[in-house]
*Asks:* 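The structure follows.
By convention here, the first residue in the shown sequence is residue 1.
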Amino acid sequence: MKALVTGGEGGIGRALRARLEQEGYEVEALDLRSGFDVTDQQAWERVGAVDLAFLNAGVLTGEADPRRLEVEAYRRAVAVNVDGVVLGVRRLARVMDAGAIVVTASLAGLTGMPSDPVYSLTKHALVGFVRSAAPHLEPLRLNAVCPGIADTPMIDAQRVGFAAAGFPLLAPADVAEAAWRAATSGGTGECWFVQPGREPAPFRFPSLPGPRSGGERVGAPPL
């Protein structure tokens with residue numbers, strides 16, 4: 001059995017690799033440190049079929065105020081966090097007949113994140129993409145995990161503040177376990193929330209108010 005993990009050298013990436021190896025998978029880590037750029041379409045064209053794929057690479061901009069946002073940081077976040085997933089799903093869906101792809105989104109894709117609005121933008125994009133693309137890919141399954149704040153090097157600058165506030169952080173292994181469950185749940189189009197002290201589970205999205213015509217409820221649009 002084979003699996004791949006993008007961002008495989010990061011905190012969550014290493015935890016994902018360990019979890020998969022525990023299940024007997026041969027795991028390939030695709031990471032910028034080892035020469036793989038998830039934003040490079042040609043690099044993706046050299047990736048072959050696996051049984052499970054975890055599209056986990058992601059970056060922050062580190063800027064809260066859009067007025068001070070550097071355009072380069074904005075474009076890098078969108079390229080890694082969004083393009084890296086879309087290109088990965090595009091390639092893998094062409095070479096995988098079955099199995100599962102799990103995208104690392106974030107709770108910032110289910111709610112606002114004032115500390116990094118562009119990061120939140122990219123994770124909202126992933127949630128929408130997973131939910132919208134999944135029906136087209138069956139029997140290949142496409143899910144996402146949406147972890148809260150995990151104890152990885154990405155939060156080094158805020159670590160003292162979290163400790164002072166007594167705010168609980170997720171262990172990378174907790175995120176990896178949730179991703180494993182998302183990969184093996186049998187469902188598709190799911191976005192699993194991951195929070196300290198709670199069992200991970202698919203997020204229940206609220207229903208939207210539908211249109212009415214002549215005072216009567218109208219069904220789903222004919223798309």
Side-chain angles (χ1 to χ4, degrees), residues 5-20 22 31 38 52-66 73 76-78 80-82 84-85 100-131 134 142-185 187-206:
V5 178
T6 67
E9 298 296 337
I12 291 174
R14 289 194 299 271
L16 283 167
R17 290 162 54 191
R19 185 66 180 87
L20 290 163
Q22 179 183 330
D31 193 280
V38 296
L52 296 178
F54 294 82
L55 305 183
N56 169 71
V59 296
L60 297 164
T61 70
E63 182 54 72
D65 189 340
R76 180 62 179 164
V78 172
V80 174
N81 298 359
V82 180
V85 167
I101 302 170
V102 177
V103 172
T104 301
S106 170
L107 285 188
L110 301 175
T111 187
M113 182 179 170
S115 62
D116 197 329
V118 169
Y119 180 81
S120 186
L121 175 155
T122 65
K123 297 304 182 176
H124 274 79
L126 295 185
V127 167
F129 177 69
V130 165
R131 298 180 72 199
L142 176 65
N143 290 322
V145 286
C146 299
I149 301 171
D151 189 0
T152 72
M154 289 182 73
I155 65 148
D156 281 349
Q158 295 85 33
R159 190 177 302 279
V160 172
F162 287 125
F167 189 89
L169 300 175
L170 284 165
D174 295 333
V175 182
E177 178 61 30
W180 171 254
R181 295 190 191 187
T184 57
S185 69
T188 193
E190 298 174 340
C191 296
W192 287 60
F193 69 85
V194 196
Q195 282 279 56
R198 293 180 177 271
E199 282 293 309
F203 181 71
R204 294 184 179 181
F205 289 89

*Asks:* If you compare all heavy atoms of Ala77 against all heavy atoms of Val118, which two are closest, and at what distance to 0.1 Å?
*Replies:* CB-CG1, 4.0 Å
*Asks:* Could you give me the CA-CA distance, side-chain angles and deciding distance for Arg76 and Leu60, then say whether side chain to side chain contact (heavy atoms under 4.5 Å, CB included) is met?
*Replies:* CA-CA 9 Å; Arg76 180 62 179 164; Leu60 297 164; over 6 Å; no
*Asks:* Output the distance between atom CH2 (Trp180) and atom CZ (Phe54), rounded to the nearest 0.5 Å.
*Replies:*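 Those atoms lie 7.0 Å apart.
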*Asks:* Report yes if some heavy atom in the side chain of Phe205 is under 4.5 Å from a heavy atom in the side chain of Leu110; otherwise report no.
*Replies:*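 They are in contact (side-chain heavy atoms under 4.5 Å apart), so the answer is yes.
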*Asks:* For a quick test of reading the model, state the closest non-hydrogen atom pair linking Ala144 to Ala105 and the distance between them.
*Replies:* CB-CB, 4.4 Å
*Asks:* What distance do Asn81 atom CG and Ser120 atom OG have between them, rounded to the nearest 0.5 Å?
*Replies:*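 That separation rounds to 11.0 Å.
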*Asks:* Kindly indicate whether the side chain of Val127, heavy atoms from C-beta on, has any atom under 4.5 Å from the side chain of Arg131.
*Replies:*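 They are in side-chain contact.
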*Asks:* So do the side chains of Val103 and Leu142 get within less than 4.5 Å of each other, counting heavy atoms only?
*Replies:*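 Val103 vs Leu142: side chains touch.
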*Asks:* So, do Phe193 and Pro147 sit near enough that their side-chain heavy atoms are less than 4.5 Å apart?
*Replies:*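 SC-SC contact between Phe193 and Pro147 ruled out.
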*Asks:* Got a sec, which residues hit side chain to side chain donor-acceptor pair (under 3.5 Å) with Thr184, two or more places apart in sequence or on another chain?
*Replies:*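 Applying side chain to side chain donor-acceptor pair (under 3.5 Å) to Thr184 gives none.
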*Asks:* Check whether any side-chain heavy atom of Leu20 lies under 4.5 Å from a side-chain heavy atom of Leu52, and answer yes or no.
*Replies:* yes
*Asks:* Taking the side chain as C-beta and beyond, is there a heavy-atom pair between Glu190 and Ser185 under 4.5 Å?
*Replies:* yes
*Asks:* Which residues pass the side chain to side chain contact (heavy atoms under 4.5 Å, CB included) test with Ala125, not counting sequence neighbours?
*Replies:*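 By the side chain to side chain contact (heavy atoms under 4.5 Å, CB included) rule, Ala125 matches Val82.
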*Asks:* How long is the span from the SG atom in Cys146 to the CH2 atom in Trp192, to the nearest 0.5 Å?
*Replies:* 12.0 Å
*Asks:* Glu63: which residues meet the side chain to side chain donor-acceptor pair (under 3.5 Å) condition with it, sequence neighbours left out?
*Replies:*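 Scan of Glu63 (side chain to side chain donor-acceptor pair (under 3.5 Å), adjacent residues dropped) gives Arg68.
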*Asks:* What residues form a side chain to side chain contact (heavy atoms under 4.5 Å, CB included) with Ala178, not counting sequence neighbours?
*Replies:* Val145, Val194, Pro200
*Asks:* Just to verify, what does Arg17 make a side chain to side chain donor-acceptor pair (under 3.5 Å) with, not counting sequence neighbours?
*Replies:* Glu9
*Asks:* Per the side-chain hydrogen bond (donor to acceptor under 3.5 Å, both in side chains) rule, what does the pair list look like for residues 102-118, sequence neighbours excluded?
*Replies:* Asn56-Thr104, Thr61-Asp116
*Asks:* To the closest 0.5 Å, what do you measure between CD (Gln195) and CG (Leu170)?
*Replies:* 6.5 Å
*Asks:* Who are the side chain to side chain contact (heavy atoms under 4.5 Å, CB included) partners of Arg204, not counting sequence neighbours?
*Replies:*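 By the side chain to side chain contact (heavy atoms under 4.5 Å, CB included) rule, Arg204 matches no residue at all.
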*Asks:* Just verifying a value: how many Å separate Cys191 SG and Lys123 NZ, rounded to the nearest 0.5 Å?
*Replies:* 12.0 Å
*Asks:* Do any N or O atoms from the side chain of Asn143 and from the backbone of Gly187 form a donor-acceptor pair under 3.5 angstrom?
*Replies:* yes
*Asks:* Strictly by salt bridge (Lys or Arg N to Asp or Glu O under 4.0 Å), give each pair with a member in residues 173-184 just once, sequence neighbours left out.
*Replies:*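 Matches after skipping sequence neighbours: Arg19-Glu177, Glu177-Arg181, Arg181-Glu199.
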